[in-house]
2 protein chains.
Amino acid sequence: MAQAIPIRKNSPLKASCHQCSLSNLCLPLAIEENELERLEDIVQQGRIFNRGEHIFDQSTPFRSCFAVKSGSIKTSIITEGGDEQVTGFFMPGELVGLDSMSGESYACTAKALERTSVCEFPIEKLEELTGKMPELQHHMYHLMSQEIQNSHQLAMLLSKNTAEERIAALLLSLSSRFQRRRLSPTNFSLPMARNDIANFLGLAVETVSRVFTRFQNQGLIRARGREVELLDVEALQTVTREFSRQGCQ
Amino acid sequence: MAQAIPIRKNSPLKASCHQCSLSNLCLPLAIEENELERLEDIVQQGRIFNRGEHIFDQSTPFRSCFAVKSGSIKTSIITEGGDEQVTGFFMPGELVGLDSMSGESYACTAKALERTSVCEFPIEKLEELTGKMPELQHHMYHLMSQEIQNSHQLAMLLSKNTAEERIAALLLSLSSRFQRRRLSPTNFSLPMARNDIANFLGLAVETVSRVFTRFQNQGLIRARGREVELLDVEALQTVTREFSRQGCQ
DNA sequence: CGTTGAGTTGAAAGAGATCAACCGAAGTGG
DNA sequence: CCACTTCGGTTGATCTCTTTCAACTCAACG
């Protein structure tokens, strides 16, 4: 695992949630301007991971949650059999590691899908802080609860929906998450490989590929490689009977 | 929704986590004997629901989490299309409603599968209390994190495993949860209908039925109706490649 | 005693997995 | 600089597990 960049107080590197463009999506969202410094005091900002590097590994000691600053992360569980199950994709402003707060070790592995920078929240300090700041505690409950809901939505998607519905749902989920960050909701680049999509959605890679081309032939999307353009969002919403990962914040 | 039984201080009905046989599974687990009273002060104990009654309903205002004292509960999401997705089964000692802490309304509906008694924890009071009691806060994080993990496990089960594996996994999960309560892990009565099992596991009822008889013919279980006896736990574990809902506490 | 609902069993149909081949881009190294 | 390899992605043909549709059993119950 990469080494943390040492942070000196008042250095240019000192954590600045104040100036972070994601402060309206991330933990700072929950707290007053004047209390922000207490959060800044515990966060280690600016750790960078290259594509493929692990932010943390399953079964290693659980120390911190991480907020994505830029780039993207995939989390996955590895079973004894060696099978991988992708449990989520995390974009800037989203918090990774909430599923690991029940034990002494990480419940999954987090891997950078591209060059990614994160803010690290050491768990003891975070717990201590949430104990003192009711709004922050409330926000943590909120985030964790949201994570449960997301996972339930995924379970529903996996158990009731066809391949087309699953993929449409994923595309729309990504779209809305790009939109939250004031990026184009119809024109973006998938951070993950077809393989990861397939694994996440419980499909074979071939099926994912087929559905992509089917959508393309129907004029719903245009895709070459990871570049995707949503041409008919309405139609995609129709394909997705009900699923919507309604904003992960 | 049923009405809460009014609680008077020092009445015989006053909440007594002290005497509750589930105190080693439930929230009291997290706190010292001498602090237990603070928890007892906020909990409303002894609400009873008959089979089929709703503990709470999706989209109604979120007020409380509930701990199961006796009986059992199923939670489910109803989609716009009217489809139901069972998201979980809850047994004595387990906490229901954690997925609703991210909004003002319940994210799912909780229904008693049999005559069920619950303890109610009003959310504002619970949050207030966890703010004062670090161990309790820690335990809440623990429980919510566990819930995320459970849901990930379910997602994995739904996306990678066959019907037989899913059902074996469910049987073993129930088994271990009975065992935690010092009940027989091999001889129990399913609280839920085949329909609920099928819905939960993303299968057709007929498939569930077929797998039950297949298991029976193979000598793995004996089942008549909801009465189940696990005859060969080892074999069931073999069937289940990896899944295990490793204790919901 | 007929009705109702849950559960079981059988036969046919379908969605997706699997197996296999192929393509193109990005290295790699002689 | 070009053959060679590798890897991610696409496409085709077959196969299989599960669903679906349908009929039937059984127990509870008014």
Side-chain angles (χ1 to χ4, degrees), chain A residues 50-52 74 83-86 111 113-114 156-171 189-218 220-228 239-241, chain B residues 50-52 74 83-86 111 113-115 156-171 189-218 220-229 239-241:
Chain A
N50 286 315
R51 175 190 176 128
K74 101 175 170 195
D83 293 348
E84 178 180 18
Q85 163 74 25
V86 175
K111 195 173 183 177
L113 288 170
E114 53 196 315
M156 173 140 61
L157 201 65
L158 293 172
S159 81
K160 301 242 183 312
N161 298 65
T162 65
E164 297 198 350
E165 290 163 344
R166 298 184 205 185
I167 290 176
L170 178 63
L171 289 174
S189 158
L190 298 172
M192 73 292 280
R194 296 284 188 277
N195 219 329
D196 293 326
I197 295 179
N199 188 307
F200 180 63
L201 295 178
L203 299 169
V205 206
E206 295 94 327
T207 306
V208 175
S209 193
R210 274 184 253 272
V211 172
F212 265 83
T213 54
R214 217 177 301 159
F215 279 172
Q216 187 147 229
N217 293 338
Q218 294 167 352
L220 302 189
I221 66 171
R222 178 158 42 200
R224 22 180 218 306
R226 297 196 177 184
E227 293 303 319
V228 174
V239 171
T240 304
R241 281 203 205 108
Chain B
N50 287 316
R51 175 190 176 128
K74 101 176 168 192
D83 294 347
E84 178 181 17
Q85 164 74 24
V86 175
K111 194 174 185 176
L113 288 170
E114 53 196 313
R115 193 169 167 82
M156 171 140 60
L157 202 65
L158 293 173
S159 81
K160 300 241 183 315
N161 297 66
T162 67
E164 298 199 350
E165 289 163 346
R166 298 182 205 186
I167 290 177
L170 178 63
L171 289 174
S189 160
L190 298 171
M192 73 293 279
R194 296 284 188 277
N195 219 330
D196 294 326
I197 295 178
N199 188 308
F200 180 64
L201 296 178
L203 299 169
V205 204
E206 294 93 327
T207 306
V208 175
S209 193
R210 275 184 253 272
V211 171
F212 265 83
T213 54
R214 218 177 300 159
F215 279 173
Q216 188 147 227
N217 293 338
Q218 294 168 352
L220 303 189
I221 66 171
R222 179 159 41 202
R224 21 177 220 306
R226 296 193 177 184
E227 293 303 318
V228 174
E229 184 176 0
V239 171
T240 304
R241 281 204 206 109

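What you are looking at is a predicted structure, and each value in this text was computed from that prediction instead of being measured. First the proteins, then the strands, lettered A, B, ... as listed; each starts at 1.
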Exercise for the section: Let me see the working for B:V208 and B:L201 under side-chain contact (heavy atoms from CB on, under 4.5 Å), right down to the final yes or no. Expected result: CA-CA 9 Å; B:V208 175; B:L201 296 178; 5.6 Å; no

Handout entry: Worked verdict on A:L203 versus A:I167 for side-chain contact (heavy atoms from CB on, under 4.5 Å)
Key = CA-CA 10 Å; A:L203 299 169; A:I167 290 176; 4.1 Å; yes

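In this structure a side-chain-to-backbone donor-acceptor pair under 3.5 Å is missing from A:R194 to A:R226.
The span of DNA chain C lying next to chain A, judged by atoms under 4.0 Å from heavy atoms, is bounded 5' to 3' by C:dG16 to C:dA20.
The separation between A:L203 atom CG and D:dT10 atom P is 14 Å, rounded to whole Å. In this entry the distance linking CG of A:N161 with P of D:dT19 reads 14 Å, nearest Å. One can place CD of B:E165 at 12 Å from P of D:dC17, the figure rounded to the nearest angstrom. When rounded to the nearest whole Å, the span between CZ of B:R166 and P of D:dC17 equals 13 Å. Taking atom CZ on A:R226 and atom C1' on D:dG9, their separation rounds to 11 Å, with Å as the unit. Regarding A:K160, its NZ atom lies at a distance of 14 Å from the C1' atom of D:dT18, rounded to whole Å. Look at CD on B:E164: it is 16 Å from P on D:dT16, rounded to the nearest Å.
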Handout entry: Annotated protein contacts, base or backbone, on nucleotides 23-30 of chain D with a non-hydrogen cut-off under 4.0 Å, one of B, S, - each
Key = --------

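Across residues 204-214 of chain B, B:A204, B:E206, B:T207, B:R210 each have a non-hydrogen atom less than 4.0 Å from an atom of DNA chain D (numbered order).
Recorded end-axis angle for the helix from C:dC1-D:dG30 to C:dG30-D:dC1 stands at 20°, based on five pairs per end and rounded to 10 degrees.
Screening B:R166, B:E165, B:K160 for a side chain to side chain contact (heavy atoms under 4.5 Å, CB included) with B:T162, the sole residue that qualifies is B:E165.
For the atom pair CG (A:N199) and CD (A:E84), the distance works out to 5.5 Å, reported to the nearest 0.5 Å.
Pairs passing the salt bridge (charged side-chain N to carboxylate O under 4.0 Å, His left out) check and including a residue from residues 195-216 of chain A, sequence neighbours excluded, read A:K74-A:D196, A:E164-A:R214.
Residues meeting the side chain to side chain donor-acceptor pair (under 3.5 Å) test with B:Q218, sequence neighbours left out: none.
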